Amino acid sequence: MSATEFASAVAAVKAMESGLLTHSDIEQLIGASALSETRTLMESKLSFPRTMEEVWELLNGYAPDNEVLKILLYRNDFHNLKAVLKAKLSGREPADYYISPSNVSLHDIEQALTSKEYDGLPAYMREAAEEAYDIATRTLDGQLSDSLIDQAALAAMQRSADEYGNAFMMRFAALTTACADIKTAYRCSLMQKPRQFLERAICGSTELDKEFLIRAALSGTEGLLSQLEATSYNEAVQMLRESPAQFEKWCDDIIVEHAESARMQAFGVEPLAAYYIAKEAELKNLRILMICRECGTDRDTITERMRKLYV
Amino acid sequence: MNSMGLALAIIGAACAALFAGIGSAKGVGLVGESAAGVVSVDPNKFSKVLILQLLPGTQGLYGLLTSILILRKIGILGGSAVDLTTAQGLMFLGAALPIAIVGLFSGIAQGRAAAAAVGITAKKPEHNGKGIIIAAMVEFYAILALLVSILIINNISV
């Protein structure tokens, strides 16, 4: 599809970008004297679209072709697969754990897991759903089935991005995978997980090789961090040494930084994807801010936890 | 009467209007898509994006002007066609080529530039003027082509 076919969608997104929260908006929200004032300010400043479902609906309406954009929802899709699988095994209501927007409906996932007929799921999910269900029911190892699903989500993102040949999405998938892999390798090194588990949990990407990460994780936490320091992810190591929360923030920030590369583009699907990422970061910031305000966290800590803004 | 000469001149006039018109139509259409996207979110920006949409439309006008000049010179517009040699007909055809070709490509290029400038208007409406200037730069080359076409037409003796 020609990039100029997204001319209308990109222009609409540029117009919507002017409604994104700015640094001064966030400062004002943090600086509000009372929680009620924060809420009122937030209500006045947050413009439409206000939820990720609305963002997705809007982008879908504008985009002449949303196939590439669907990659952005893969993680939600696989999260929902995990949620439905766990809910099913523990006899809970899956709808309570389902997050949207998603490419796959709750009904389709439920149907697939109940009937064990996975054809109703998208091709990128079928194998993972079948294998995760098998592991979860046979071994009752929820951690392993979760890791397998997470790994499958990252692999599916990279595979789809490669298939579409979209450089922006390929980098997005690689960065997301690298961050998730570092997190997994770090946790596994802390828990001294065996190679067999690591092989199922770490995905690998063009950013960080799978075998490199497995070996590094097997060498212990300090070994992993020192080996990662020699890569382009040395900043991530500093964050991990500070706190896992700082690392999470760093991961979110590099994704927004990557989205910023599409800000100058006048055509193509990239500005749409960048807007989705920007809005996700904005809503995450507001969620963190409100939780911190409710807990009475001091302003400096809230400022420190705020994710990078797109605007 | 040498009908080949006249036919070549008419083909030239047609090419000027045709290709420059196609360039403009594509350009205006592209900016129109961008403009519609912005107006769907913020209808107040209609007048600002409309100026940008008009910019790639000039190539079509230049093509039309060139075409009229040729048709007038060869007497088609007056109702009494001039007797043209094949060489003269080729000269008119050649005279139409600069605006036909440059009009086609500059119309499309200006459309892209103006559509990108719509993004400036969408995000920072106060900098709308800068977007117009950026898109208008492409116009310069269409004007040069028009000038060359007019100079050639005026200097063909019939």
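Please read all numbers here as calculations on a predicted model, not as lab measurements. Numbers restart at 1 for each chain; the letters A, B, ... are given by sequence-line order, proteins then strands.
A 4.5 Å side-chain heavy-atom check between A:Ile109 and A:Leu121 finds at least one atom pair inside the cut-off. The side-chain heavy atoms of A:Phe172 and A:Ile277, taken from C-beta on, include a pair separated by under 4.5 Å. Using a 4.5 Å heavy-atom threshold, the side chains of A:Val269 and A:Leu69 count as touching.
Taking chain A as the reference chain and counting heavy-atom pairs below 4.5 Å, the highest number among B:Gly119, B:Gly111, B:Ala117, B:Pro125 is found for B:Gly119. Between chain B and the options A:Ala266, A:Gly19, A:Ala9, A:Ala12, heavy-atom pairs under 4.5 Å are most frequent for A:Ala12.
Screening B:Leu64, B:Ile70, B:Leu65, B:Thr66 for a side-chain contact (heavy atoms from CB on, under 4.5 Å) with B:Ile68, the sole residue that qualifies is B:Leu64.
When heavy atoms are compared at a cutoff of 4.5 Å, B:Val118 approaches chain A solely by way of its side chain, counted from C-beta outward. Residue A:Phe267 touches chain B through its side chain alone, counting heavy-atom pairs closer than 4.5 Å.
Heavy-atom neighbours of B:Phe46 CZ from other residues, nucleotides or ligands within 6.0 Å: at or below the threshold of 12.
With sequence neighbours left out, the side-chain hydrogen bond (donor to acceptor under 3.5 Å, both in side chains) criterion links B:Thr58 to B:Glu139.
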Tell me which donor-acceptor pairs, judged by distance alone and kept under 3.5 Å, run between chain B and chain A, one pair per line.
residue, atom, partner, partner atom, Å
B:Glu33, O, A:Ser8, OG, 3.3
B:Ser34, OG, A:Ala7, O, 3.4
B:Ser40, OG, A:Tyr62, OH, 2.7
B:Lys123, NZ, A:Glu17, OE1, 2.7

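A donor-acceptor contact shorter than 3.5 Å is absent between the side chain of B:Gln59 and the backbone of B:Leu104.
Among all heavy-atom pairs drawn from B:Ala81 and B:Leu6, the shortest one is CB-CD2, 3.8 Å.
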